[in-house]
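Naming: A, B, ... by sequence-line order, numbering from 1 per chain.
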There are 2 protein chains.
Amino acid sequence: MSTRGSAKPLRADAQRNRQALLAKAREIFDAGEFFDLRFDDFARLAGVGTGTLYRHFPTREALAEAVYREEVVALCDRARRLQATSPPLEALATFLRDFVDYLHEHHGLARTLATLMTTGSEALADGSRALEEAVTDLVAAAVEEGTVRGDVGAGAVMMALHGIGAAHDRPGWRAEADGVITLVLDGLVQGAQPSSPNDSPAR
Amino acid sequence: MSTRGSAKPLRADAQRNRQALLAKAREIFDAGEFFDLRFDDFARLAGVGTGTLYRHFPTREALAEAVYREEVVALCDRARRLQATSPPLEALATFLRDFVDYLHEHHGLARTLATLMTTGSEALADGSRALEEAVTDLVAAAVEEGTVRGDVGAGAVMMALHGIGAAHDRPGWRAEADGVITLVLDGLVQGAQPSSPNDSPAR
DNA sequence: TCGGAAGTGGAGATTGTCTCCACTTTCATT
DNA sequence: AATGAAAGTGGAGACAATCTCCACTTCCGA
């Protein structure tokens, strides 16, 4: 993957600028100040002109998405690793717990995620899809195994995660987030159909 | 409570203006266009000056909150009525299902709710607190009864509801939201204290 | 009827976003 | 290594939304 990933030959200096922008943005992002800053300032702070900023990232959300994607990739890797080494239900449980941990540490991510969720319908599309895919896989594997019910899609789990991200500034966030995970996991286990070869998706 | 509620004697014409503003805002709110409009336009549409608008509602969020509160009051009344007429667990279940229904119909509320959640930490404080109180009561009653676990606070349920509100624009919203409610309810019932061995929760 | 406190409105200051284009840098070609 | 044109740059200023300020109007108790 290195720096680039798509089919776009980007000039050397352009790449350097893009990288500088991204680095500075990530820094600010992690500090949770992403939305307190004038957009133009990202340019100044990274030592480039505003025109350059806008060329690379047409909107604030586009920039956020770029940073966000890198964070998400880390999470998804974790998910894939878990899936390879643990039994499905355990993998799912661990991943969800880790997700909360991760958000707890990088709460810049949480705040930004929350804002993106409401502002840019499109912005998340890419990064979020990756995360969703990971969750879907984890859930599917557990359903396959028979330890988790099949009548409540992974989408519901995603929604619960959205809630955790969106509510990141509640006073007792950590405990409540853990509570949500507990409810979701126990809810998923409840009504599982162990050892039944076919489970019809009837409601 | 009628129109006034606090200890502030407001002049007659001022009250009229405030009301006009609120009425127009509610209209726009329900149409889901609340955040597509220039703030000053609320004044023009209501037939008052921008100064007046700002006097009554210092920020867009303050205005949203005022409208939002009215909607929330309706929901809370519903909760209180349920609590009086149904057994605790059923009351809780019904309320959560109804909440989704309500958001499904008034999705102006959903969108605004989602935005408020991330934007104005303070803005929701009041209206949201009322909603939270209602949920807390419902949960507490069910815990008391012994049909719901006590180790996962009502806050977790609120968080899940936030998720439902925040993700209101997902493609399969309705089904997924129902899924979340199912998970939360089943998760809550799982691990309940008392001697009741196990009863399949009504869907 | 009158005085002053409360409220109004909208012109324009302020602030953040984004566009435009004359100039600079890179790189494939020879 | 020199060259030309495509790719990229930067920042001045157009534009748009938010918010402030205060001369004026309206209300209401005495």
- Of all residues at least two apart in sequence or in a different chain, which pass the side chain to side chain donor-acceptor pair (under 3.5 Å) check with B:Glu144? none
- Task: Whole angstrom is fine here: how far is it from CZ in A:Arg60 over to P in C:dG16?
- Result: 10 Å
- Note on the structure: By side chain to side chain donor-acceptor pair (under 3.5 Å), A:Thr182 pairs with (sequence neighbours left out) A:Arg97
- Message: Tell me which one of A:Phe34, A:Phe35, A:Phe57 satisfies ring pair (Phe, Tyr, Trp, His ring centres under 6.0 Å) with A:Phe42.
- Response: A:Phe34
- Message: Applying salt bridge (charged side-chain N to carboxylate O under 4.0 Å, His left out), can you list everything that pairs with B:Glu27, at least two apart in sequence or on another chain?
- Response: B:Lys24
- Note on the structure: The complete set of salt bridge (charged side-chain N to carboxylate O under 4.0 Å, His left out) pairs with one or both residues in residues 40-60 of chain A, sequence neighbours excluded, reads A:Asp41-A:Arg44
- Task: Looking at every strand, decide which applies to A:Arg55 at a 4.0 Å heavy-atom threshold: base, sugar-phosphate, or nothing.
- Result: base
- ring pair (Phe, Tyr, Trp, His ring centres under 6.0 Å) against B:His106, all qualifying residues, sequence neighbours excluded: B:Tyr102
- Under a 4.0 Å heavy-atom cut-off, which of residues 36-48 of chain B touch DNA chain C? B:Val48
- Using a cut-off of 4.0 Å between protein heavy atoms and nucleotide atoms, how would you tag nucleotides 24-30 of chain C 5' to 3' with B, S and -? -BSS---
- With nearest nucleotides of DNA chain D determined for A:Thr50 and B:Tyr54 from heavy-atom distances, which residue corresponds to the more 5′ nucleotide? A:Thr50
- Task: State which residues pass side-chain contact (heavy atoms from CB on, under 4.5 Å) with B:Asp151; sequence neighbours excluded, sorted by chain then number.
- Result: B:Arg149
- Task: Just jot down the side-chain contact (heavy atoms from CB on, under 4.5 Å) partners of A:Ala160, sequence neighbours excluded, or say none.
- Result: A:Val180, A:Val184
- Excluding sequence neighbours, so at least two apart, what forms ring pair (Phe, Tyr, Trp, His ring centres under 6.0 Å) with B:Tyr54? B:Phe39
- Query: Reading DNA chain D 5' to 3', which nucleotide is the first, and which the last, to come under 4.0 Å of any heavy atom in chain A?
  - Reply: D:dA6 to D:dA12
- Message: Among residues at least two apart in sequence or on other chains, which ones pass side-chain contact (heavy atoms from CB on, under 4.5 Å) with B:Ala23?
- Response: none
